[in-house]
> 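This is the structure I want to talk about, given as structure tokens.
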Amino acid sequence: MAARSDQTLQIALVTFIGTSLLLLCFLIYVNRLKADYRQEAEKLRSDKTAEASKARSLQTENETLRQQMGMGQFDSADAVQKQFDEDVKTYASTLAPADQVYRKMVTRFYEENKRSTEQESQAKEREKALKQRLLATEAEKNAQIKEFEDTLKKVQEDAARERNAFRSARADLEEKREELAASLERQRVAHEKELTRLTSQVSDLDGQLAKAKKTIETLINNRAQDDPSFEIADGAVAYVNQANRTVWINIGEQDALRRQVTFSVYEQTEADAGKAPKKASIEVIRMLGDHLAEARITDDDARNPILPGDWIYSPLWHRGKQIRFALTGVLDLDGDQRADLQQAKDLIALNGGVVDASVTDDGSVEGEMTVETRYLVLGDYPSLPSQTNLATSWKDMNREAANLGVETITMSEFLNQMGYKPLNKSVTLGDGARAADFQPKPSKFRPRSPYAGR
């Protein structure tokens with residue numbers, strides 16, 4: 001019984017000791033774990049304190065930077081970003097994206113301000129130099145004014161002396177003038193006597209000149225009646241197509257022919273182109289070769305058609321030669337009672353001719369007739385009271401043509417010989433209207449019988 005109790009006690013004691021050891025180990029582990037947790041907590045606390053200090057430092061720096069940037073100390077990030085975007089758009093829109101930051105923007109503004117300052121400094125230097133030049137110019141101007149005043153004073157003194165000398169010379173001239181007046185009177189009396197004698201001679205010469213002019217006019221009229229014009233044809237008709245109203249003539253590009261030149265056509269049996277009766281008119285429309293051209297028939301007579309071999313003639317155009325004209329009077333080409341001077345000039349130029357002289361609307365003569373002038377074209381005689389100057393020029397040019405031997409032809413003869421026919425005729429209305437321009441149209445109905453309806 002005692003042995004069993006000791007054994008139980010031993011077992012309990014071993015159990016107690018083991019439990020105590022286990023408990024001691026557990027306590028040691030717990031203490032160590034607690035120390036580790038405490039150390040870790042201290043570290044975390046220290047890190048938290050450091051992070052909080054760093055955060056406060058960053059916050060302080062952020063607020064400082066915002067103030068340095070001109071922002072509010074407590075502005076939000078969105079507000080700061082918005083203001084930055086507006087500043088970039090306003091002040092740095094032309095910069096590269098990498099340069100759109102405040103420091104580079106400030107650097108750019110500084111450099112520009114520096115350049116502006118330097119330019120301003122240079123401008124001030126130039127202004128200073130200009131002021132100095134202005135002062136020098138003012139001094140030079142004052143010196144020149146002083147010199148001018150001295151010169152003016154001297155000139156005035158010289159002028160006073162000259163005036164005195166002029167008065168003396170004028171007295172001498174007055175005396176000489178009186179002497180000259182007496183001499184002129186004596187010469188006038190002698191001149192009147194000489195003039196009377198010369199007037200008598202001029203009168204005798206005028207009578208002789210009138211007789212000579214009358215003799216010349218008689219000779220010219222006789223020559224015009226007896227002598228033919230001896231104008232030769234410019235070419236001939238080679239082929240005719242009456243169906244297309246087209247002819248071909250034997251002159252072309254090498255003959256200096258141009259489009260729109262008009263010709264009169266007459267019988268191949270006629271020898272004098274200037275006197276031959278016209279049978280048709282043609283107008284050149286196309287060059288076909290060196291000596292071949294196509295023309296359209298503008299006027300003909302079905303009873304006397306154009307035939308191959310018929311001669312063609314124009315007073316305006318001659319092979320290799322320019323015909324020269326003079327124009328006078330009222331040149332009415334289309335019968336509208338209005339002068340067509342420019343149209344007549346254009347017509348002559350178009351056909352290769354030259355206008356040497358013509359009369360303008362105010363009666364003055366442009367150009368001059370010479371012995372080389374072939375024709376003087378006579379328009380209608382100016383008969384209105386307002387056309388006195390035109391009538392005078394008409395007479396003077398006729399007289400000059402007679403003296404120079406220039407042949408005169410009427411406007412109708414001129415247009416007839418060149419084969420020209422106006423395409424359009426103008427009708428004058430109002431006070432200048434003519435009854436002949438308003439002919440009644442033929443009625444489409446038969447005349448009514450005076451007995452109808454009885």
> Mind checking whether Tyr381 and Trp394 have parallel, tilted or perpendicular rings, split at 30° and 60°?
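Aromatic pair Tyr381/Trp394 classed perpendicular.
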> Is the backbone of Ser364 close enough, under 3.5 Å, to the side chain of Asp362 for a donor and an acceptor to pair up by distance?
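Answer holds: yes.
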> Under 6.0 Å from the CD atom of Glu157, do we count more than 12 heavy atoms belonging to anything else shown?
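Enclosed.
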> Using every non-hydrogen atom in the two residues, find where Gly367 and Ala357 come nearest and quote the distance to one decimal.
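Looks like C-CB, 3.9 Å.
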> Looking at Glu118, I'd like to know if its CD atom is crowded, meaning that more than 12 non-hydrogen atoms belonging to other residues, nucleotides or ligands lie closer than 6.0 Å.
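Enclosed: over 12 neighbouring heavy atoms sit under 6.0 Å from CD of Glu118.
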> Mark yes when over 12 heavy atoms from residues, nucleotides or ligands other than Asn304 sit less than 6.0 Å from its CG; otherwise mark no.
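Yes, because the 6.0 Å sphere around CG of Asn304 holds more than 12 heavy atoms from other groups.
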> How about CD on Gln342, more than 12 heavy atoms from neighbouring residues, nucleotides or ligands closer than 6.0 Å, or not?
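Count over threshold, so yes.
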> Asn31 side chain to Ile28 main-chain N or O, any donor-acceptor pair under 3.5 Å?
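Not a single qualifying donor-acceptor pair exists.
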> List the atom pairs, with distances to 0.1 Å, where a side-chain N or O of residues 127-140 and a protein N or O form a donor-acceptor pair under 3.5 Å, not counting sequence neighbours.
unit_1, atom_1, unit_2, atom_2, d
Thr137, OG1, Arg133, O, 2.7
Glu138, OE1, Lys141, NZ, 3.0

> State whether the side chain of Ser53 and the backbone N or O of Thr49 hold a donor-acceptor pair below 3.5 Å, judged by distance alone.
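A pair under 3.5 Å: no.
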> Between the side chain of Arg259 and the main-chain N/O of Ile285, is any donor-acceptor distance below 3.5 Å?
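Flag set: sc Arg259 to bb Ile285 pair under 3.5 Å.
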> Of all heavy-atom pairs between Phe325 and Val377, which one has the smallest distance, and what is that distance?
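For Phe325 versus Val377, the nearest heavy atoms are CD2-CG2, 3.9 Å.
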> Count the heavy atoms belonging to other residues, nucleotides or ligands that lie under 6.0 Å from CZ of Arg245, then report whether that count exceeds 12.
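Check passes, neighbour count above 12.
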> Name the one of Asp356, Val406, Ile409 that satisfies side-chain contact (heavy atoms from CB on, under 4.5 Å) with Leu376?
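Going through Asp356, Val406, Ile409 one by one, the side-chain contact (heavy atoms from CB on, under 4.5 Å) with Leu376 is satisfied by Val406 alone.
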> To the nearest 0.5 Å, what is the distance between CZ (Phe16) and CG (Leu21)?
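Nearest 0.5 Å value for the CZ-CG distance: 10.0 Å.
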